Amino acid sequence: MANEDKDGYDPSTVEEKWQRLWEERGTNTFTREDLESAEDPFYNLMMFPYPSAEGLHVGNIYAFTGADVHGRYQRLRGKTVFEPMGFDAFGIHSENFALKQGTHPMDLIPSNVKNFKRQLKRIGGMFDWDHSVDTTDPAYYKWTQWVFLQLFNAGLAERKEAPVNWCPSCMTVLANEQVIGGECERCGTPVEQRRIAQWFFRITDYAQRLLDNLDDIDWSQTTMKAQSNWIGRSTGAQLHFPVLGRDGEETGASIEVYTTRPDTVFGATYMVLSPEHPMVDQVTDDGLRAPVYAYIDKASKRDLVARQKVDKTKSGVPTGGFCRNPATGERIPIWIADYVLMDYGTGAIMAVPGHDTRDFEFAEQFDLPIVRVVAGPDDAADAPLEEAYLGPGRLVNSGDFDGTDVSESVDAVTAWAQDGGWGEAKVNFRLHDWCISRQRYWGPPIPIIHCDVCGPVAVPESDLPVVLPRVEDFKPDDSGVSPLARVASWYETTCPECGEDARRETDVSDTFLDSGWYFLRYPSTDFDDRPFDTEITKRWLPVDTYIGGNEHAVLHLLYSRFLTMVLKDLGHLDFEEPYTVFRAHGLIIADGAKMSKSKGNVIVPDPIIAEFGADSFRMYLMFLGPYEEGGDYRPQGIQGPFGFLHRLWDTVVSADDGTPDPDVERKVHQTIRQVTEQVPQLSYNTAIAAMMECLNVVRAGGRDAVRAEVEPLVVMVAPFAPHMAEELWERLGHEGGLFDGAHWPVYDEEKATELTVEIAVQVNGKLRATISVAADASEDQVITAARSEENVERHLDGKDERRVIHVPGRLVNFVVG
RNA sequence: GCCGGGGUGGUGAAAUCGGUAAACACAGGGGACUUAAAAUCCCCCGCCCGAAAGGGCUUGCGGGUUCGAGUCCCGCCCCCGGCACCA
């Protein structure tokens, strides 16, 4: 009894021991020299967390464990694996939490980071804590500001007025995500729009390249799809509609519209301008100014998000102005309506109510003419329209184009418009320029000085970082500008170019800028005179595998791709895609629902780790479902992996030298084959199942194992349960750490080959027997054996045998009638 | 509405070049060992008929292709995630 206790598996002792040894030996940390000279480097990256006050949640641990398993596997294959971790601690999230708590973020963040680090060490991640980043550290954001300046100097950062969501009660600018149904998420006050000058990065210049490069990177399908949808390329035409004066003559001005259906231009019976369109004044008839302005005013009160909600009823006002339809020559009225967005296309449309659902609704509501210009296969040219017709067919009521099939009509009409000088083919993107200004406190100050003489001037690189000052009152106020704008002693400065009095930019930058380049920094944190070292970057980047949540499928991943392209174009990098492989992990849910405090189904990890150990917890998380799909967390489920690790421990510590049993050895080699195939594909749940099956065979009937039967299992289990694997590896008598060599087992195809196979025997597709035959049995032998099964004979008896289908190694099917 | 991903036992899930549906595990039941418990080992565990042998049915629903369909095709329903008046 006492002896058994001594040799029994005690997770906390083992885990404490190996975490201490890894730290003492520097198992997971690199020196600068290591990074400069690493052979076979593998950069294993995972999305860094926002260090909340609550600590790591199960979702974080799931994400990091899956990535860590991958890193450890690569290491056991002999790669030099760099696996860094850091903290994305700037941003509105932290700031709001600090406001709520009444604690300054500069005090809050360090304690959160400390707690996160403790937890991250406890779960046994292979992190290099000598190369960590904290985005709120001036030594880091110095280089975030440097990145901004690279774009500024290249003309890729520009300042322009743009609308923001403004909560008049909280007196603050809100992000779109903070506006729920047109109201402030915190106080429920209707949100308004304000126009403020902000900094934008010209990501739209890179839209086509961001789209094209998707063909060359190995990413989760869903993520690539999300990116291409977000970029939203569409092809069509830009058409010019001449504006008519009160006399009915052309004024020389024209309204530009973008359309994907230029072929329906003969059906354009009116025009619509967005309320913000710059030509509204110009086209509005004096007699209608009052209602038009009232409408525009009302529209501006509605926030940007609510505007985009589909209302049943459309609203709008006529301007009294007219255009000429360049295809038909007819005079058509110009309306204003908020269903047209200034954000997309040209902010104006030609309305074709016959063939656009929204235009149809609007025309019905305001009694505007509806003309059919496309007829479906069974429609007459003048068949009345009950709803917009969007299907295939031929053009009608379209002059010379009558009869043209819609499959060709877009190109044909575009060419005609081009010849006539009133249009041209045009590609349009949904993607907008990236607004990086935040009228907030908790972020890196944008490194710009505004000078009355010189305009916006870059802070000289030698003056970086522009340090965020400690401001006790960092709450945003009614002014709509950053709290930094209240600190004269900070923003008053002199122009670096002319020396006149000048003022610092008081906005801070978007958190996505912090996280847009962090992967470049990790390997170079030993350098404080450059953002990333050229030689080290050449050796380690781009990132080999990036793992993270699909909630960042669009913004973070798109922005970091963009910044990488820019830095390449500016000569700082020699690659333009940051992440060669990206895999999105799934979501952990509990009781069929996303974990949330309000549902009361949040799993707190610390007590589970205390009770079962990090190894069992890691293994269970990887076992509960396919990693890329997530799964349902059930508290009892951990018993499976926990019991498995115990049995593995007992088997290994009691294993003797000896010759492996051939049947067991076969199973072991089959398992090596399967696990080696599945682990790199992140099919962790099935790989673990295979190892369990293997151990069941090793232990079947309570037999004692020999070392050669279990040693491969110790190594294969190591990515999942690294502490226990190290301990067993040592007990098996190996010198040096398990992870310090290419110890992954190799299977022998011959030893993995089955000698006999089970064959299903069917009669007319129904299973009637299974037989066991030698793997190399001939077709005749198999069929003869199948036919002689008693139950098969009975079903064949007296019937015509029409066909016999033999799938080697699988089944025999007798088709009778 | 659009774009992804799904729908399989009491539960988490396996199996998709079409070939024995339910591997592995949780929960449950029975047994061995034990003074007892734990641990360990063995057996049962989709539904219906049957004493058994065996038979019938079963992968959200309805059709189809095929010797054979969870897997392929057509048409639906439902759930999860994202986008959404994008012209």
Side-chain angles (χ1 to χ4, degrees), chain A residues 4 8 220-226 228-230 232 234 236 257-261 264 272 274 305 307-311 314 337-341 343-352 355-359 361-362 428-431 550-551 553-554 584 586-587 589 592-594 620 623-626 628-641 643-644 646-647 650 683 685-694 696 699-703 758-770 790-791 794 802-817:
Chain A
E4 215 176 280
S220 291
Q221 196 58 42
T222 60
T223 314
M224 292 205 285
K225 195 75 196 165
S228 81
N229 288 346
W230 188 265
S234 80
V257 302
Y258 173 74
T259 174
T260 56
R261 291 297 303 274
T264 61
V272 186
S274 147
V305 175
R307 270 281 297 283
Q308 290 168 12
K309 284 233 167 75
V310 188
D311 280 334
K314 298 252 182 299
D338 67 3
Y339 82 90
V340 174
L341 308 173
D343 269 5
Y344 185 76
T346 62
I349 60 157
M350 66 173 198
V352 183
H355 305 286
D356 180 280
T357 313
R358 298 148 302 178
D359 297 344
E361 281 170 22
F362 192 82
N428 207 40
F429 294 95
R430 208 199 76 113
L431 183 68
N550 228 357
E551 68 271 20
V554 177
L587 216 64
I589 56 175
K594 210 168 159 173
Y620 172 54
F623 181 60
L624 57 64
E628 292 177 77
E629 285 167 38
D632 204 342
Y633 186 94
R634 292 162 311 123
Q636 283 165 327
I638 197 170
Q639 292 296 347
F644 167 73
H646 268 97
R647 289 191 294 277
D650 292 345
S683 300
N685 57 331
T686 49
I688 292 169
M691 291 189 271
M692 289 174 165
E693 235 180 286
C694 184
N696 289 345
R699 290 168 62 88
R703 67 182 284 277
E758 292 273 290
I759 302 282
V761 185
Q762 299 179 335
V763 178
N764 282 349
K766 289 207 186 289
L767 185 70
R768 297 303 176 192
T770 57
E790 193 191 323
N791 200 37
R794 202 170 62 233
R802 294 181 181 162
R803 249 172 105 181
V804 181
I805 288 152
H806 175 230
V807 182
R810 288 286 186 178
L811 62 62
V812 174
N813 186 13
F814 296 96
V815 185
V816 300

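Fair warning: this is a prediction, and the values are worked out from it, not measured in the lab. So you know, we letter chains A, B, ... as the sequences are listed, proteins then strands, and number each from 1.
Every side chain to side chain contact (heavy atoms under 4.5 Å, CB included) that A:E693 has, sequence neighbours left out, goes to A:K667. Under the salt bridge (Lys or Arg N to Asp or Glu O under 4.0 Å) criterion, A:E551 pairs with no residue, sequence neighbours left out. When the side chain to side chain contact (heavy atoms under 4.5 Å, CB included) test is applied to A:R261, the partners found at least two apart in sequence or on another chain are A:T259, A:D263, A:T264, A:V374, A:V406. Listed by chain and residue number, nothing satisfies the salt bridge (Lys or Arg N to Asp or Glu O under 4.0 Å) test with A:D359 (two or more places apart in sequence, or in another chain). Evaluation of the salt bridge (Lys or Arg N to Asp or Glu O under 4.0 Å) rule for A:R768 yields no partner, not counting sequence neighbours. Scanning for side chain to side chain contact (heavy atoms under 4.5 Å, CB included) contacts around A:A348 gives A:I255, A:V257, A:L273, A:H277, A:T346, with sequence neighbours left out. Among residues two or more places apart in sequence or in another chain, the side chain to side chain donor-acceptor pair (under 3.5 Å) test is passed with A:R703 by A:E709. Residues meeting the side chain to side chain donor-acceptor pair (under 3.5 Å) test with A:S683, sequence neighbours left out: none. When the side chain to side chain contact (heavy atoms under 4.5 Å, CB included) test is applied to A:T770, the partners found at least two apart in sequence or on another chain are A:E758, A:L767.
A:M692 has its CE atom 10 Å from the C1' atom of B:C26, to the nearest Å. Between A:E758 atom CD and B:A21 atom C1' the separation is 16 Å, expressed in whole Å. In this structure, A:R358 atom CZ and B:A84 atom P are separated by 15 Å, rounded to whole Å. Atom CD1 in A:I638 sits about 12 Å away from atom P in B:C26, given to the nearest Å. Here the C1' atom of nucleotide B:U20 and the NE2 atom of A:H806 are 14 Å apart, to the nearest Å. The distance from atom CD of A:Q639 to atom P of B:G28 is 10 Å, rounded to the nearest whole Å. Between the OH atom of A:Y339 and the C1' atom of B:C86 there is a distance of 13 Å, given to the nearest Å. For the pair A:R647 CZ and B:C24 P, the interatomic distance rounds to 12 Å; values are reported in whole Å.
Residue A:R768 places at least one side-chain N or O closer than 4.0 Å to OP1 or OP2 of B:G55. For B:A25, the OP1/OP2 oxygens have no side-chain nitrogen or oxygen of A:N685 closer than 4.0 Å. Between A:Y344 and B:A87, a side-chain N or O to OP1/OP2 separation shorter than 4.0 Å is present. The side chain of A:K766 places no N or O atom within less than 4.0 Å of a non-bridging phosphate oxygen (OP1 or OP2) of B:G54. Look at A:R810 and you'll find a side-chain N or O under 4.0 angstrom from OP1 or OP2 of B:U20.
Here A:T770 lies in heavy-atom contact (under 4.0 Å) with a base. Counting any heavy atom pair closer than 4.0 Å across all strands shown, A:P641 reaches no nucleic acid atom. Nucleic acid contact class of A:L811 (heavy atoms, under 4.0 Å, all strands): base. Residue A:N791 is classed as a sugar-phosphate contact, given heavy-atom separations below 4.0 Å to backbone atoms only. Residue contacts shown for A:F623 include a base, since a base heavy atom lies under 4.0 Å away.
Judged purely by atom type and a 3.5 angstrom limit, A:N813 uses its side chain to pair as donor or acceptor with the backbone of A:G765. Judged purely by atom type and a 3.5 angstrom limit, A:R699 uses its side chain to pair as donor or acceptor with the backbone of A:R647. Judged by distance alone, with hydrogens and angles left aside, the side-chain atoms of A:N764 form a donor-acceptor pair with the main-chain N or O of A:V816 at under 3.5 Å.
If A:T260 and A:A690 are placed on RNA chain B by their nearest nucleotide, the residue sitting closer to the 5' end is A:A690. Remark on RNA chain B: of its neighbouring residues A:T686 and A:N696, the 5'-side contact belongs to A:T686, judged by nearest-heavy-atom nucleotide.
With C1' as the reference atom, B:G10 and B:C2 are 38 Å apart, rounded to whole Å. To the nearest whole angstrom, the two C1' atoms, one in B:A25 and one in B:C47, are 23 Å apart. Between B:U71 and B:U20, the distance separating the two P atoms is 14 Å to the nearest Å. As rounded to the nearest Å, B:U16 and B:U11 have C1' atoms that lie 24 Å from one another. Taking the P atom of each, B:G54 and B:C45 are spaced 15 Å apart, rounded to whole Å. Comparing B:G60 with B:G12, their P atoms are spaced 14 Å from each other, to the whole Å. Spacing of P atoms, B:C33 relative to B:A69, comes out at 48 Å, to the nearest Å. Going from the C1' atom of B:C74 to that of B:U65 covers 11 Å, rounded to whole Å.
Between the side chains of A:T222 and A:N550, at least one donor N or O sits under 3.5 Å from an acceptor N or O.
Of all nucleotides present, only B:G56 satisfies the Watson-Crick or G-U wobble test against B:C47, with each distance under 3.5 Å. In this structure, B:G1 forms a base pair with B:C83, meeting either the Watson-Crick or the G-U wobble geometry with both donor-acceptor distances under 3.5 Å. In this entry B:C72 has B:G64 as its Watson-Crick or G-U wobble partner, both defining distances falling under 3.5 Å. When Watson-Crick and G-U wobble pairs are counted only if both distances are under 3.5 Å, B:A36 pairs with no nucleotide at all.
Note that OG1 of A:T686 and CZ of A:F623 are 10.0 Å apart. Values are rounded to the nearest 0.5 Å.
Nearest nucleotide to the A:Y258 side chain, out of B:A25, B:C83, B:A87: B:A87. The side chain of A:R699 lies closest to B:C41, out of B:C24, B:C41, B:A87. Closest to the side chain of A:Q636, out of B:C24, B:A27, B:C86, is B:A27.
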Find every protein N or O atom lying less than 3.5 Å from an N or O atom of nucleotides 1-6 of chain B, and list the pairs.
| from | atom 1 | to | atom 2 | distance (Å) |
| --- | --- | --- | --- | --- |
| B:C3 | O2' | A:N229 | ND2 | 3.0 |

If you restrict it to nitrogen or oxygen atoms, what contacts under 3.5 Å exist between nucleotides 44-53 of chain B and the protein, and what is each distance?
none

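Ring planes of A:Y258 and A:Y344: perpendicular class, angle over 60° (limits at 30 and 60°).
The glycosidic torsion of B:G5 lies more than 90° away from 0, which places this base in the anti conformation.
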Its contact letters, B for base, S for sugar-phosphate only and - for none at protein heavy atoms under 4.0 Å, make nucleotides 66-73 of chain B read -B------
